Amino acid sequence: MDKYNHKLIEAKWQAVWEKEQTFVAREEVPNNHAYVLDMFPYPSAQGLHVGHPEGYTATDIYSRYLRMRGVNVLHPMGWDAFGLPAENYAIKTGVHPRELTWQNIDNFRRQIKALGFSYDWSREVNTADPSYYKWTQWLFLQLYKKGLAYRQEAPVNWCPSCQTVLANEQVIDGVCERCDSQVEQRQMAQWFFKTTAYASALLKDLDGLDWPQPILDMQRNWIGKSEGAEVEFRIQNSEFRIRVFTTRLDTIFGATYMVLAPEHPLVASLLENQESRIKNQEEVKKYIKTTSQRTELERKAEAKDKTGVRLEGVEAINPANQERIPVFIADYVLTSYGTGAIMAVPAHDARDFEFAKKFELSVKEVVVPTQKRTALILHGTGADSKKNWYQWLKTELEQRGYQVFVPDLPDSQMPDLDTWLKALEPYASSINENSIIIGHSLGGPTAIQFVQRLERSVGALVLVAPTCVGMDWTPINASHSSEQANCIRAITEAATDWRSVSKKIKHIVGLFSSNDPYIPVATGDLYERNLSGSYIVCENRGHFSEKNGEVTKLPEFFGLPYAEFFVDYGTLINSGEFNGLDSATAVKKIAAKIGAKLTTQYRLRDWLISRQRYWGAPIPIIYCAKCGELPAPAKDLPVELPVDVDFRPHGESPLARSESFHNVKCPKCGAPARRESDTMDTFVDSSWYFLRYVDPQNNQEAFDAKKVKQWLPVDLYVGGAEHAVMHLLYARFITKALKDLGHIGFSEPFLKLRNQGLILGEDGQKMSKSHGNVVNPDEVVVKYGADTLRLYEMFLGPLEDVKPWNTSSIIGLRRFLDRVWNFVSFPATTGNPEKQKALDSPDRHRGNDNGLNAMVARTIKKVTEDIESFRFNTAIASLMEFINVMSSVQKSDGAVSTLLILLYPFAPHITSELWEQRGFKGYIWEQSWPGYDKSALKSDTISITVQVNGKVRSSIQVAARAKEDEIVKAARADVNVARHLAGKTIVRQVYVPGRLVNFVVE
RNA sequence: GCCGGAGUGGCGGAAUUGGUAUACGCACACGACUCAAAAUCGUGCGGGGAAACUCAUGAGGGUUCGAGUCCCUCCUCCGGCACCA
């Protein structure tokens, strides 16, 4: 028998498959078929890299497996052949994109075929071929007819380097996805597909898809649904109205100002209109000018710093409470979302709060947490302070929805912390993360000690004027009474202990009079914490003052739970008749009362498909001076790309400079007209290619509806997660549009989606030319063979994980195949008695094994389940175990043929060869997938783990049918177990059937 | 900042979904074969300990007879989104 020669074998079987058309999908087979699809590649000049075969191998394994289960599988491959790189390369070198692309495709096809994938090559498609893009243009016209394709002047993302328009999705951090140049804004007439028309369906139908959760999340995020209401605010003394969209109608009573986007048309109207009497016209105009000059990127960079200008003299009327509120323009409000105007509720929105802080606007709290907020007031010593300030504070807080506790602390002149803390114990259960603890004077240090003992954290701690009348805070000396000394010590220690409680307190507020001489004592660490910005210290700046022990004014923010703003839903306050309602109910009732319309907004925008490039499918539209914009007649399709075109970028479409292309007769009146010179985004090509595969040669229609009905939707789609939003969203959109047009009968193209994870370079970085860490699969195929590469890529780890390539590990998979080769090739005369014994021994391998049959059955089960759930790495591991155990024992033909069949989907060449060499009947791919005898899995004896107090002490062999009491008895008899039980009392025993016994002893 | 995902030997990764942590592979060490090397085969391989044992799944708590797996707090890394009202 020869050695395993992968080169000969792989060439041989690939030729057989090609000659016998083994993998051509059969249309005549009525039922039981599956469509298994890979994301087709862009045929780049670099050729295949090792990332491509990862997904292709996964679908190939699955396809071959399904075929052995009798399923008729459609498994096609093609080329996403239009696109910028070929055109950019052409600009640099002068090689025509078509020439380059066709060359690249040949290279890709050769590389892919060398890996032995079971594609039905008779269905290959190429999106850059006129026979394909004819139907891309047809698709465009279908959408056009339905009003789903439209042309509009729009600000577009313009890449000055690529000289083209980019979709929002193609602008990453303000720079071009492909060339990293800074993207500019330009006004241009552009073609759009109306993806927004399907926003709700695109969102809703995600529910029924078997897709990876992260992809579903990203799509939901991208569509960005928000439910809310549209409300009109009147402008005082004027006919103008400001229409706003809000998701928080429940907070409308807290709307203390309004903001319009600077580009909002109403702003221009107000400026023109004398009646509106904007007093600061110049300032407003200047602001509008500066914002318009700033690029998207600059706006984002300065996002933190809110800017804006008040429209002096303009006031809006809050329809909820008729209050007159100021109106601003500010660029933190975007024209492109909602109505381009907002009602600002600083108490319940972070951005509004920031803006309000900067412009010193009032903050009005109207929603509080539904869970009752609690406050604990710890007064200092002396009845006076109790009487004076806390009564008032209590009332204030109660009006803000708090439940206020004022523990009756022993009223002594000097604090006794232990006694105080004891008195506080009953209140501990009422304190949660929404609570405020207020410590006045000596209540401060007490509060700190109290928090320290709490198990939960606290919302806010407010320290009020930690003074103690008549005491001298200089270091303790002889003049202090012992009580005074204790007092000083308590406060100082509490202040020192600050760090230990700081993590349990979300916000800390210190209220001191500015001339308080004792601040440093109690707040040394407080100031330090202030630097990190997580609390506020209000020195007495009008927020609060304490005169003769009497509080005269509370800071405004005192009413808020602990943060500056509260964004959650809750219960309404300060909202007139709606007080006490929960947010959700309030929205409905307020809407009814003020006549607001409940609506839904989406973040999703229409899909801009125009590209001012050559290498794409021309948009089939004709412009006639008389008849206007007309679709190209169907009989004229395809509108072919002219070959002799100067495709160097000039900022207009290269096609515009091709006379032969550009000049055309009007299909309606025959007068001279011109063609649209833009081409379509390549994502249009790829959003319907899965339909073309079922009928790739059809030149009468895009696809035969019957064939589509037979094969679609796609049963399994595998590709990279980088297509999470764009490609997958566009393909879903096109599918829905085609359904509504009556061309197909389903609304979701891909029922089941799986992602392959990125394969990183050996250095753990993304493979790229610049890192010099790209691995070319060709080298691996030459050295180790396609089967080894396929196995290696699958064995690397879970399909969806990101994982680094490691060339030195490949050898392990090759060794495995060598062992398979030897195992099958050499006659089964030399069984190793030791191994045979081990195999028959019941405790081999985690127990449960009574020999060869069980091993075979277990492997069939494992491999089958793993293929079904895409865990190819562990399937291979179990095949390795199988070989390891069996390679030196007597083997039956049955075991050998089973091994070959199980391995075939992963390594089709070597298994096909061994099947033939061994003299088994037919071809291996004609065999059916093995089932297994469930009873073979069962063993006569089982292994039971014995634990004492949860620690493993032994493992015992018992008969599979042994009863609990027998097993327990056997377990206790075990020497090692007995030793751990000796002299102890068993207080409990846990028996998990078939697995373990645990004795709990004392 | 927000939304996802992940942290297990020197490395890639397993773990029946709460039940013997480290399967399988790489690397490494030793042995056999060989004049020798490679290849192959065999043995060993988380830390500590002579052993009994004991400590280990990013950190700290919790639930449980029992936690890599469940809950809470935190740290780190990766991916996506980002003024979306």
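These figures come from a predicted structure and were not determined experimentally. Per chain, numbering begins at 1; letters A, B, ... match sequence-line order.
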Closest heavy-atom pair and its distance - [X], [Y]:
X       : Y       : answer
A586(A) : D250(A) : CB-CB, 4.2 Å
L260(A) : V267(A) : CD1-CG2, 3.7 Å
S226(A) : T247(A) : CB-CG2, 3.8 Å

Just the rounded figure in Å: distance from [atom2] of [N] to [atom1] of [X].
X       : N      : atom1 : atom2 : result
N5(A)   : A39(B) : CG    : P     : 19 Å
D352(A) : A85(B) : CG    : C1'   : 7 Å
L760(A) : G79(B) : CG    : C1'   : 12 Å
E881(A) : A15(B) : CD    : P     : 12 Å
F816(A) : C41(B) : CZ    : P     : 13 Å
D818(A) : G25(B) : CG    : P     : 14 Å
L879(A) : A23(B) : CG    : P     : 18 Å
R858(A) : U16(B) : CZ    : C1'   : 12 Å

Using the [atom1] atom as the point on both nucleotides, what is the distance between [M] and [N], in whole Å?
N      : M      : atom1 : value
C45(B) : A52(B) : P     : 14 Å
G9(B)  : G47(B) : P     : 12 Å
G18(B) : C24(B) : P     : 24 Å
G5(B)  : C70(B) : P     : 12 Å
A51(B) : C77(B) : C1'   : 41 Å
A23(B) : G13(B) : P     : 15 Å
A67(B) : C55(B) : P     : 12 Å
G7(B)  : A14(B) : C1'   : 16 Å

Show each protein N/O and nucleotides 3-13 of chain B N/O combination with a separation under 3.5 Å, one pair to a line.
from   : atom 1 : to      : atom 2 : distance (Å)
G12(B) : O2'    : L796(A) : O      : 2.6

Return the polar atom pairs (N/O with N/O) between nucleotides 50-53 of chain B and the protein under 3.5 Å, or none.
from   : atom 1 : to      : atom 2 : distance (Å)
A52(B) : O3'    : R979(A) : NH2    : 2.8
C53(B) : OP1    : N976(A) : OD1    : 3.1
C53(B) : OP1    : N976(A) : ND2    : 3.3
C53(B) : OP1    : R979(A) : NH2    : 2.4

Provide the Watson-Crick or G-U wobble partner of [N], both distances under 3.5 Å; none if there is no partner.
N      : value
U43(B) : A29(B)
U76(B) : A6(B)
A15(B) : none

**Prompt:** What do you reckon, is NZ of K783(A) surrounded by more than 12 foreign heavy atoms closer than 6.0 Å?
**Reply:**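 Counting neighbours around NZ of K783(A), 12 or fewer heavy atoms of other residues, nucleotides or ligands fall under 6.0 Å, so no.
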**Message:** Looking at A344(A), is its backbone amide N or carbonyl O close enough to the side chain of D349(A) to form a donor-acceptor pair, meaning the two atoms are under 3.5 Å apart?
**Reply:** no
**Request:** Determine yes or no for a side-chain-to-main-chain donor-acceptor pair under 3.5 angstrom, with N998(A) supplying the side chain and G950(A) the backbone.
**Result:** yes
**Prompt:** When we call it a touch if two heavy atoms are under 4.0 Å apart, what does R871(A) touch: a base, just sugar-phosphate, or nothing?
**Reply:** nothing
**Message:** Just confirming the chi classification of U54(B), syn or anti, using 90° around 0 as the syn window.
**Reply:** anti
**Request:** Report the glycosidic orientation of G31(B): syn if within 90° of 0, anti in every other case.
**Result:** anti
**Request:** Determine whether F999(A) and H980(A) make a side-chain contact, defined as any pair of heavy atoms from C-beta on separated by less than 4.5 Å.
**Result:**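 When only atoms from C-beta onward are counted, H980(A) and F999(A) do not touch, as no gap falls below 4.5 Å.
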Less than 3.5 Å apart, any donor N or O on the side chain of [X] or [Y] sitting next to an acceptor on the other?
X       : Y       : result
Y332(A) : D352(A) : yes
T291(A) : D331(A) : no
N976(A) : R979(A) : yes

Can you give me the N/O atom pairs linking the protein to nucleotides 62-68 of chain B at distances under 3.5 Å, or say none if there are none?
from   : atom 1 : to      : atom 2 : distance (Å)
C65(B) : OP1    : R988(A) : NH1    : 2.6
C65(B) : O2'    : N998(A) : ND2    : 3.3
C65(B) : O2     : N998(A) : ND2    : 2.4

**Request:** Could you tell me whether F353(A) and F355(A) have their ring centroids closer than 6.0 angstrom?
**Result:** no
**Message:** Using heavy-atom distances to pick each residue's nearest nucleotide on RNA chain B, tell me which of S226(A) and I876(A) is more 5'.
**Reply:** I876(A)
**Message:** By nearest heavy atom, map K862(A) and G338(A) onto RNA chain B; which one lands nearer the 5' end?
**Reply:**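 It is K862(A), whose closest nucleotide lies nearer the 5' terminus.
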**Request:** Determine: side-chain N/O of R815(A) to OP1/OP2 of C26(B), distance under 4.0 Å, yes or no.
**Result:** yes
**Prompt:** For the side chain to side chain contact (heavy atoms under 4.5 Å, CB included) test, which of L789(A), L791(A), T788(A) pairs with R814(A)?
**Reply:** T788(A)
**Asked** Is it true that K803(A) and E54(A) have a side-chain N and a carboxylate O under 4.0 angstrom from each other?
**Response**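 Salt bridge flag = yes for E54(A) with K803(A).
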